[in-house]
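Throughout, protein chains are lettered first and strands after them, A, B, ... in sequence-line order, and every chain is numbered starting at 1.
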There are 2 protein chains.
Amino acid sequence: MAMLGRLKRLADHLSEQHAQVYKAHDLTQASFDVLATLRRSGPPYSLNPSALIAWTMVTSGTMTNRLDRLEADGLIERRPDPVDRRGSVVALTEKGFDLIERVVTDHVANQHRMLADLPPDVREGLEDALRLWLSKFEPEQS
Amino acid sequence: MAMLGRLKRLADHLSEQHAQVYKAHDLTQASFDVLATLRRSGPPYSLNPSALIAWTMVTSGTMTNRLDRLEADGLIERRPDPVDRRGSVVALTEKGFDLIERVVTDHVANQHRMLADLPPDVREGLEDALRLWLSKFEPEQS
DNA sequence: CCAAAATATCTCGACGTCGAGATAAACTGC
DNA sequence: GCAGTTTATCTCGACGTCGAGATATTTTGG
């Protein structure tokens with residue numbers, strides 16, 4: 001019973017920790033997600049909005065809004081898609097790339113720090129339990 | 001590493017499950033929290049906004065907004081506080097009380113259903129791990 | 001080829017949240 | 001008593017999200 005509350009509160013605390021890292025670089029979870037997705041896609045660090053929507057699992061309205069802000073901040077660029085005039089291609093600018101490199105470094109360090117709070121055996125048990133429970137909601141991965 | 005993502009996704013799925021119950025009664029997590037807090041306070045099912053703010057851990061602006069909606073829906077009433085003219089007293093209306101009774105019933109059943117997905121031994125391990133980890137963020141309870 | 005269906009993206013209004021700042025009333029210390 | 005501080009609540013603007021509904025373009029089936 002109380003476990004559900006604890007799980008949620010813990011997740012909230014962890015998100016808050018993450019948010020602090022983003023904030024130190026003037027980003028939010030939302031903007032980090034987009035930039036990190038572009039970075040993860042590898043050179044030339046560009047994807048169309050549809051792909052970003054699929055990866056980040058937000059609605060198109062939300063993505064438009066995110067891209068508007070990132071573009072205004074000069075972190076991404078929207079270019080016309082050469083092969084589909086309905087669409088566009090979103091690419092990291094140099095400024096955006098440099099920023100996300102730095103943020104990811106901090107982000108990863110932060111994740112290690114968070115996990116370091118947990119003894120290895122507890123962590124393994126937790127890992128297994130989460131995987132099992134999550135499988136009830138996300139049947140298969142690959 | 002991936003564990004942090006799983007934890008968050010699991011928490012999101014569970015929240016989503018909760019949200020479905022609320023939605024079936026035309027409530028949101030936000031409005032449920034307020035009504036449930038009032039109900040939990042026992043007769044006469046009333047608290048002032050400050051107390052609600054403390055229990056639900058939201059800002060005063062958020063609480064004003066929540067109360068406005070709940071009042072418009074006739075689920076709560078705002079009465080002047082007889083002993084402090086700065087404040088007011090928020091009370092469940094009969095309609096609000098009847099509603100939250102029903103929702104809580106469903107909510108509890110839903111929680112049991114969610115936990116039933118988990119074998120008892122896994123659950124105990126998870127419980128302990130969560131408690132331990134959470135204690136790093138919430139040092140003491142009582 | 002073309003009409004109909006599908007797709008890519010944007011627009012817009014509603015909601016929920018925060019946080020800074022207003023307002024009014026109640027306390028506090030002389 | 002009263003000036004200064006604290007407290008209770010509300011207001012307001014910014015942000016982020018969703019979802020329904022444009023709009024433009026591409027794809028599909030005959």
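- The A:Ala30 side chain lies nearest to D:dG16 when the options are D:dT11, D:dG16, C:dG16.
- With hydrogens and angles ignored, a donor-acceptor pair under 3.5 angstrom links the side chain of A:Arg86 to the base of C:dT7.
- Between B:Glu16 atom CD and D:dT17 atom C1' there is a gap of 14 Å when expressed in whole angstrom units.
- Between A:His13 and B:Phe137, the angle of the ring planes stays under 30°, which puts this pair in the parallel group of the 30/60° scheme.
- Looking at heavy-atom distances under 4.0 Å, A:Asp84 makes contact with sugar-phosphate atoms alone, never a base.
- Dashed line: the shortest gap from a side-chain N or O of B:Thr62 to OP1 or OP2 of C:dC18 is under 4.0 Å.
- Ring geometry, A:His107 versus A:Phe32: the interplanar angle falls from 30° to 60°, so the pair is classed tilted.
- Listed for the B:Lys136 side chain is no donor-acceptor partner under 3.5 Å among the backbone atoms of A:Leu118.
- Nearest-nucleotide positions on DNA chain D for B:Ser60 and A:Met57 put B:Ser60 closer to the 5' end.
- The neighbour count for A:Glu94 CD, taken as heavy atoms of other residues, nucleotides or ligands under 6.0 Å away, does not exceed 12.
- Residue-level contact check: B:Gly61 touches the bases, meaning some heavy atom is under 4.0 Å from a base atom.
- The side chain of B:Val58 sits closest to C:dC18 out of C:dT9, C:dC18, D:dG16.
- Spacing between atom CG of B:Leu47 and atom P of D:dT9 amounts to 11 Å, rounded to whole angstrom units.
- Taking side-chain N and O atoms only, B:Ser50 has no distance below 4.0 Å to OP1 or OP2 of D:dT7.
- Between the CG atom of A:Asp81 and the P atom of C:dC10 there is a distance of 12 Å, rounded to whole Å.
- Rounded to a whole Å, the CE atom of A:Met63 is 15 Å from the P atom of D:dG19.
- Separating the CG atom in A:Leu27 from the CZ atom in A:Arg69 is a distance of 13.0 Å, to the nearest 0.5 Å.
- Where A:Thr59 and A:Arg85 meet DNA chain D, the nucleotide closest to each residue was compared, and A:Thr59 sits on the side nearer the 5' end.
- Using a 4.0 Å heavy-atom cutoff across all strands shown, A:Asn48 reaches sugar-phosphate atoms only and no base atom.
- When the side-chain nitrogen and oxygen atoms of B:Arg69 are compared with OP1 and OP2 of C:dA14, none of them lie within a distance under 4.0 Å.
- One can place CG of B:Asn65 at 11 Å from P of D:dC10, the figure rounded to the nearest angstrom.
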